[in-house]
Amino acid sequence: MGITLLTSSLVLVVIALSYILLEYYSFKKSEKSNLQTVGLIIASNSSAAIAFDSPHDGAEILAALRANKYITAAALYTAEGKLFARYPDDLNTNSLPKTISEDGYQFKDEYLEGFQSIRQKNLYLGKLYLRADLTRMQQQIVLTATTSLFLIAAVLILAFLLSRFLQKYISRPILELEKTARFISEKGDLSVRAVQRSGDEIGTLTRSFNMMLDQLDSKNLEIHAANEESLKLAAIVESSGDAIIGCNLEGEIITWNQSAERILRYPAEEAIGQKVEFLVPSSEASLFKTMIKDLDASGGRKPVETILVRKGGNNPDISLTLSPVKNSHGVLVGFSLIARDISIQKQNERILAENEEHLRLATQAAELGTFDLDVRTARLVWDKRCKELFGVEDQDEVDYDNTFAKHLHEDDRDRVLKVIDNLLYNRFNNGDYDIEYRTVSPAGKVRWVRAMGKVFFDEYGKPLRFIGAVLDISEKKKEEIRKNDFIAIVSHELKTPLTTMKSFVQILLSKAKIAADEFAINALSRTDAQTNKMTSMIKDFLQLAKLEEGKINIVKGEFALCDLLQDTVAEANLLSSSHSIEVAHSDRGLVLADRDKIGQVLINLLSNAMKYSPAGKKIVAGCIREADHLKVFVKDEGVGISPEDQKHLFKRFYRVDNEKIKHISGFGIGLYLVSEILKYHDSEIRLESEEEKGSTFFFYLKIQESPH
Ligand code: ADP
């Protein structure tokens, strides 16, 4: 408002001044021309008075000037310059000019005066002097100035009032804008907005102000988010297990996280500000230089294995990555070092390399072939010796179906593939593999080998890798075959006389019963039981021989498992006087199996339970339904089996070497047969046992259908 008033008053003053000046000059000009006109008239009128030398006439002519009250003095001078007449009469002659001057009028302080020549037909007669009072002009100017002043004042008051009235249309939105701005700057709250009241420039200003606030607000949010992000990043850097070291372009360390402190043992205060080269041992200096040089090269940087300096020595092996740090314009401003301590990994690698070398030497010395099957990709790797054992050329590629399976002896193929299938996909086993089979080379050469290995599973029980070694056992096998043949022949030869013996014993027994010869009945019953025992032993031997040759014949049929168990228990009870076996559970269920062979399994388990528990101890057998399987168990309270022996129990000819059971005779083939027979039934023998407490042997068979 001040500006408006000042501007208007300045304009008004300039106008008023110009007006006053204009008036002053035009007044002067008109005064001068008026006086000239009056002068010309009086001069021409008074020429006669001077010519005729009549001062009286002259005075009269001058008296006519009375009509013009502003002319305060007038005089006529002769050609010689002598005063001729004056006006007014009482005018003091001293106030008149003493000498005459050129024609023309000049302004003097408060009046205008001048001379006019008096002529008659070119004859110079004298001069007229006129003086006009200028106070009128001054009064006029004073009046004009005062009026102007009043006018200016009035206009200014009007302008003031008008501005006051109009300002609300201009200042209010500006004031509101100012209030909003102040609120924001004081409270820092960017969510408030100014109200737009019009569509004019101020409205546009408000809109722009609000838009600016919007942008500021969103920028603020972005900055906030970026801040949070950088806080998070800082926390990640700080908690990272890797040393993360930030450097500027000069290579000076500017950040140093906790892991840097832990791995390199320098506290942050010691490291920050130093040149990063102090961490690089002289042996690694050139590598580091190349890494720095390649810093700006495009493409992913690979970690490099190196060594960094650790405070106090024992420099760690490090996997080091150097990355450029760029600003938002993509200009390189520094670089970061990410150092992972790989000392332990390196040490393990060294140990592993040594172990591998030992293993390589050992396998070489033992002439072991090795295999490695990646189950997920089905990629099979054989070493040279393994290829040799299968009769495959060293340079040939191998795979599971076309090399391994194809080179198995056809009598062994199904058995071996089934075992491996079970090993990989049957969740019950622990992945251990130990098997003997024959390989056939393309030229027809047959070799007996023993393969041992292990399957490794992931946490979901899925097979990952199957690795192991293969050993040529052809020589040993030939020996065994000879032994087996011998056993088979002997067993077979023993069987015939035993059968004859058994039939005579039975005839004698029935005769003794008729004769009621108690002694004979007793003696013959025992002989019969012993003959049965011998028959069962010979049966085991024959079975073993068949198994070894892979000639075991499984004839499956449906039968009720618990009936078989009860029959077998009854038979065993008949044979034994020292123990009585109890059948605790007999859940019903049909199974599809070789009744004879499963019977053999049960006899073996029951006779072991009796053999390896002191007389009179309890033996319980049973058949329990669990989901769609029948679990058969034989539980005794005998000597029990140590965990170490449990591992080998099902191997051929394995017998526990123990003082307590030294006197108990046996061949160590019963449990081997049990285990092998169950394998042919997609099952396995398992046991829970504790020394001195007793053992429970059990196995599962799948139920065919429930009897109604
Ligand atoms: P054998 O009984 O002819 O020695 P087996 O193969 O039947 O052969 O048994 C192997 C070994 O397992 C036995 O020598 C014995 O030490 C141990 N064994 C088998 N069954 C039991 C059992 N129920 N309790 C304790 N030890 C047993």
Side-chain angles (χ1 to χ4, degrees), residues 428 430 525-526 529-530 532-534 536-537 540 561-589 597-626 629-678 683-701:
F428 288 129
N430 61 357
S525 296
R526 284 183 174 213
Q530 293 303 327
N532 279 344
K533 206 168 164 188
M534 234 163 122
S536 148
M537 268 152 125
D540 276 0
L561 190 56
C562 78
D563 288 351
L564 177 65
L565 179 70
Q566 269 164 348
D567 292 352
T568 320
V569 168
E571 211 172 293
N573 274 335
L574 255 186
L575 278 177
S576 166
S577 54
S578 56
H579 297 83
S580 104
I581 306 167
E582 185 190 315
V583 178
H585 293 269
S586 42
D587 289 354
R588 304 200 61 81
K597 302 273 181 333
I598 298 295
Q600 211 177 338
V601 166
L602 295 176
I603 289 173
N604 268 312
L605 294 180
L606 291 169
S607 61
N608 275 351
M610 293 193 283
K611 244 162 96 179
Y612 299 105
S613 49
K617 282 277 179 189
K618 201 164 126 188
I619 296 171
V620 187
C623 194
I624 304 174
R625 189 188 176 125
E626 280 184 15
H629 279 78
L630 277 176
K631 175 186 179 180
V632 179
F633 70 92
V634 177
K635 183 175 179 338
D636 65 53
E637 293 173 352
V639 293
I641 304 151
S642 72
E644 184 51 37
D645 285 322
Q646 288 183 25
K647 285 189 208 155
H648 309 287
L649 219 53
F650 304 106
K651 286 182 187 160
R652 216 169 25 159
F653 306 127
Y654 187 84
R655 303 208 66 225
V656 174
D657 190 8
N658 188 327
E659 273 304 309
K660 276 179 282 172
I661 53 172
K662 233 167 145 185
H663 59 283
I664 302 172
S665 63
F667 301 110
I669 56 169
L671 287 181
Y672 171 68
L673 284 176
V674 165
S675 142
E676 290 301 307
I677 289 170
L678 287 176
S683 176
E684 60 175 352
I685 181 73
R686 290 196 251 165
L687 98 126
E688 280 160 6
S689 179
E690 207 178 318
E691 276 180 292
E692 309 294 344
K693 293 257 169 73
S695 321
T696 306
F697 286 84
F698 60 98
F699 64 88
Y700 290 87
L701 283 181

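Quick note: numbers below take in every heavy atom, side chains included, and nothing from hydrogens, waters or symmetry partners. None of the values given here were measured: they were computed from a predicted structure. In what follows, residues are counted from 1 in the order of the sequence shown.
Cys623 contributes atom SG, which lies 14.0 Å from atom CZ of Phe698 (distance to the nearest 0.5 angstrom). Expressed to the nearest 0.5 Å, how far OG of Ser578 lies from NZ of Lys617 amounts to 13.5 Å. We find the CD1-CZ distance between Ile661 and Arg655 to be 6.5 Å, quoted to the nearest 0.5 Å. For the atom pair Ile669 CD1 and Met537 CE, the distance stands at 8.5 Å (nearest 0.5 Å). Here the CG-CD distance, from Asp645 to Glu691, works out to 7.5 Å after rounding to the nearest 0.5 Å. Between the CG atom in Leu701 and the NE2 atom in His629 there is a gap of 8.0 Å [rounded to 0.5 Å].
The heavy-atom pair separating Glu684 from Leu678 by the smallest distance is C-CD1, 3.9 Å. When all heavy atoms are compared, the tightest approach of Ile664 to Lys611 is CD1-O, 3.3 Å. Heavy-atom minimum distance, Lys660 versus His663: O-CE1, 2.8 Å. Between Gln646 and Ser689, the shortest heavy-atom contact is NE2-O, 3.3 Å.
Put simply, the side chain of Ser613 gets close to the backbone of Ala609: a donor and an acceptor are under 3.5 Å apart. In terms of modelled atom types and a separation under 3.5 Å, the side chain of Ser675 and the main chain of Leu671 share no donor-acceptor contact. Within the 3.5 Å criterion, the main-chain N or O of Pro614 finds a donor-acceptor partner in the side chain of His579. At least one donor-acceptor pair under 3.5 Å links the side chain of Ser683 to the backbone N or O of Tyr700. The main-chain N or O of Ile581 is found under 3.5 Å from a side-chain atom of Asn573 such that the two form a donor-acceptor pair.
Ring geometry for Phe650 against Phe697 counts as perpendicular: the plane angle is over 60°, on a 0 to 90° scale with 30° as the lower cut.
In this structure, the side chains of Val620 and His585 stay at 4.5 Å or more apart for every pair of heavy atoms.
Shown here is Lys693, whose NZ atom has no more than 12 heavy atoms of other residues, nucleotides or ligands within 6.0 Å.
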Please set out all donor-acceptor pairs under 3.5 angstrom arising from side-chain atoms of residues 630-641, sequence neighbours excluded.
from   : atom 1 : to     : atom 2 : distance (Å)
Asp636 : OD1    : Gly638 : N      : 2.9
Asp636 : OD1    : Ser695 : N      : 3.0

After noting the C-alpha distance and the side-chain angles of Glu676 and Arg652, does the key distance pass the salt bridge (charged side-chain N to carboxylate O under 4.0 Å, His left out) rule? CA-CA 10 Å; Glu676 290 301 307; Arg652 216 169 25 159; over 6 Å; no
Could you check Tyr672 against Asn604 for side chain to side chain contact (heavy atoms under 4.5 Å, CB included), going step by step and ending with a plain yes or no? CA-CA 10 Å; Tyr672 171 68; Asn604 268 312; over 6 Å; no
Before giving the answer on side chain to side chain contact (heavy atoms under 4.5 Å, CB included), spell out for Leu649 and Val656 the whole-Å C-alpha distance, their side-chain angles and the decisive distance to 0.1 Å. CA-CA 8 Å; Leu649 219 53; Val656 174; 4.0 Å; yes
Audit row: Lys597, Leu673, side chain to side chain contact (heavy atoms under 4.5 Å, CB included) steps and yes/no: CA-CA 9 Å; Lys597 302 273 181 333; Leu673 284 176; over 6 Å; no
Apply side chain to side chain contact (heavy atoms under 4.5 Å, CB included) to residues Val601 and Ile685 and explain how you reach the verdict. CA-CA 10 Å; Val601 166; Ile685 181 73; 5.7 Å; no
